Protein chains: 2
Amino acid sequence: MLDELDRLILRQLQKDARQTNRDLATAVGVAPSTSLERVRALREKGVIRGYRAEVNLDALGREVQAMISVRIRPPSRRNIEGFREWVSRLPETIAVFVTSGRQDFLIHVAVPDTNGLYAFVIDRLTQRPEVADVETSVVYEHRRAPAVEPAREQGGPSAAQRGGAAP
Amino acid sequence: MLDELDRLILRQLQKDARQTNRDLATAVGVAPSTSLERVRALREKGVIRGYRAEVNLDALGREVQAMISVRIRPPSRRNIEGFREWVSRLPETIAVFVTSGRQDFLIHVAVPDTNGLYAFVIDRLTQRPEVADVETSVVYEHRRAPAVEPAREQGGPSAAQRGGAAP
DNA sequence: TTTGAAATTCATTCATC
DNA sequence: GATGAATGAATTTCAAA
């Protein structure tokens with residue numbers, strides 16, 4: 001479904017989504033009209049979900065990050081979805097993971113200082129009755145992979161590939 | 001340091017980093033040359049770190065996500081930094097958090113299936129002697145905030161602002 | 001700093017391969 | 001599907017406010 005050219009393009013656009021289509025074409029070794037068509041197809045197929053500016057949290061005055069694990073009791077659909085919607089909209093929240101295991105949520109927050117972190121936990125989270133337990137880990141460092149690659153294809157040749165007679 | 005126009009621009013570019021500068025200018029209510037200059041300044045100041053295409057993990061054949069907490073013993077700088085560099089480069093790794101608390105790392109991974117997850121834990125992680133404990137949580141859902149906003153300014157007027165005589 | 005207009009570069013289309 | 005030439009749009013510069 002994705003060939004080598006698609007993979008090269010995805011890698012390039014994850015590194016810099018705003019390089020010109022001409023530069024992209026040069027980088028992957030095709031004509032600009034070709035890369036333009038490929039990018040459009042990747043977007044339409046939903047492989048590319050969008051293009052986002054990445055901001056520097058320190059420059060935004062939010063120098064303290066934490067991962068807060070939250071346990072919801074009872075973990076009913078109503079409670080889980082209600083909490084998810086609520087916590088997603090808080091200005092301190094950067095990301096929310098709904099998880100299996102000891103906790104039901106991991107909340108990635110960024111706040112100006114440790115006071116802000118403490119306030120988030122004791123003022124905001126504990127006002128929700130379904131929050132049964134909270135555990136805070138300060139994030140010393142957060143690294144993202146420069147690009148997410150497609151999974152290596154599994155299994156042998158497909159039926160379609162095996163279908164033709166050998167030349 | 002950031003005025004209202006900067007905030008509007010940051011919000012727009014976090015939602016869509018590839019909208020044309022003309023559309024951006026219209027959205028924030030200034031001339032294209034103004035928004036262009038502001039965006040350039042935000043990039044140079046390091047407020048905008050870059051522009052990234054966001055990919056659909058399912059479409060890349062990586063439908064299973066997990067957060068894996070890892071405890072390193074002893075948690076010396078050598079061990080922490082060594083493990084961080086190693087784990088950041090694994091193809092399964094999407095993001096790495098270095099944290100305080102019970103664990104030293106939270107590793108966000110995406111793999112094709114639960115077999116891939118199990119293999120990551122029992123083949124890859126456990127081959128590192130400094131890994132003392134591992135705990136896996138499957139990620140049912142991952143939501144990012146649509147835009148990260150600057151922290152609300154704290155404190156009263158600065159010395160500079162107070163410096164002038166009243167009119 | 002912001003702006004409008006000029007100059008330049010780019011995206012996009014499409015006939016052809 | 002991929003390409004290059006043409007066309008239409010956009011970015012980018014800059015003098016002026």
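Naming: A, B, ... by sequence-line order, numbering from 1 per chain. The structure displayed is predicted, hence computed values, not measured ones. All values below were derived from every heavy atom in this structure, side-chain atoms included, with hydrogens, water molecules and symmetry-related copies excluded.
- In this structure, Glu37(B) atom CD and dT11(D) atom C1' are separated by 14 Å, rounded to whole Å.
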With 3.5 Å as the limit, what N/O pairs link the protein to nucleotides 13-17 of chain C?
from, atom 1, to, atom 2, distance (Å)
dT13(C), OP2, Arg40(A), NH1, 3.2
dT13(C), OP2, Arg40(A), NH2, 3.4

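- Judged as a salt bridge (Lys or Arg N to Asp or Glu O under 4.0 Å), and not counting sequence neighbours, the contacts of Glu54(A) are Arg49(B), Arg52(B).
- Following rounding to the nearest Å, Arg38(B) (CZ) and dT11(D) (P) show an atom-to-atom distance of 18 Å.
- Rounding to whole angstrom units, CD of residue Glu4(B) and C1' of dT2(C) are separated by 17 Å.
- Between Tyr51(A) and Tyr51(B), the ring center distance fails the sub-6.0 Å criterion.
- Below 30°, between 30° and 60°, or above 60°: for Phe97(A) and His142(B) the angle between ring planes is below 30°, a parallel geometry.
- A straight line from CG of Asp23(B) to C1' of dA10(D) spans 10 Å, rounded to a whole angstrom.
- Comparing Ser35(A) and Arg18(A) against DNA chain D, the residue whose closest nucleotide sits nearer the 5' end is Ser35(A).
- Clustering ILVMFWY residues whenever any of their side-chain heavy atoms sit less than 4.5 angstrom apart, transitively, puts Val109(B) in the very cluster that holds Val98(A).
- A donor atom on one side chain and an acceptor atom on the other are not found under 3.5 Å apart for Glu135(A) and Gln103(A).
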Kindly determine whether Arg11(B) and Glu149(B) satisfy salt bridge (charged side-chain N to carboxylate O under 4.0 Å, His left out), including the steps that lead there.
-> CA-CA 7 Å; Arg11(B) 197 177 302 157; Glu149(B) 306 282 340; 2.9 Å; yes
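- Nearer to the 5' terminus of DNA chain D, by closest-nucleotide assignment, is the contact made by Pro32(A) (compared with the other of Asn21(B) and Pro32(A)).
- Atom CG of Leu24(A) and atom P of dT9(C) are 20 Å apart (whole Å).
- Considering only the side chain of Thr34(B), dT3(C) comes nearest among dA2(D), dA10(D), dT3(C).
- What separates CZ of Arg22(A) from C1' of dT9(C) is a distance of 7 Å, to the nearest Å.
- Of all nucleotides listed (dT2(C), dT3(C), dA10(D)), dA10(D) comes nearest to the side chain of Thr20(B).
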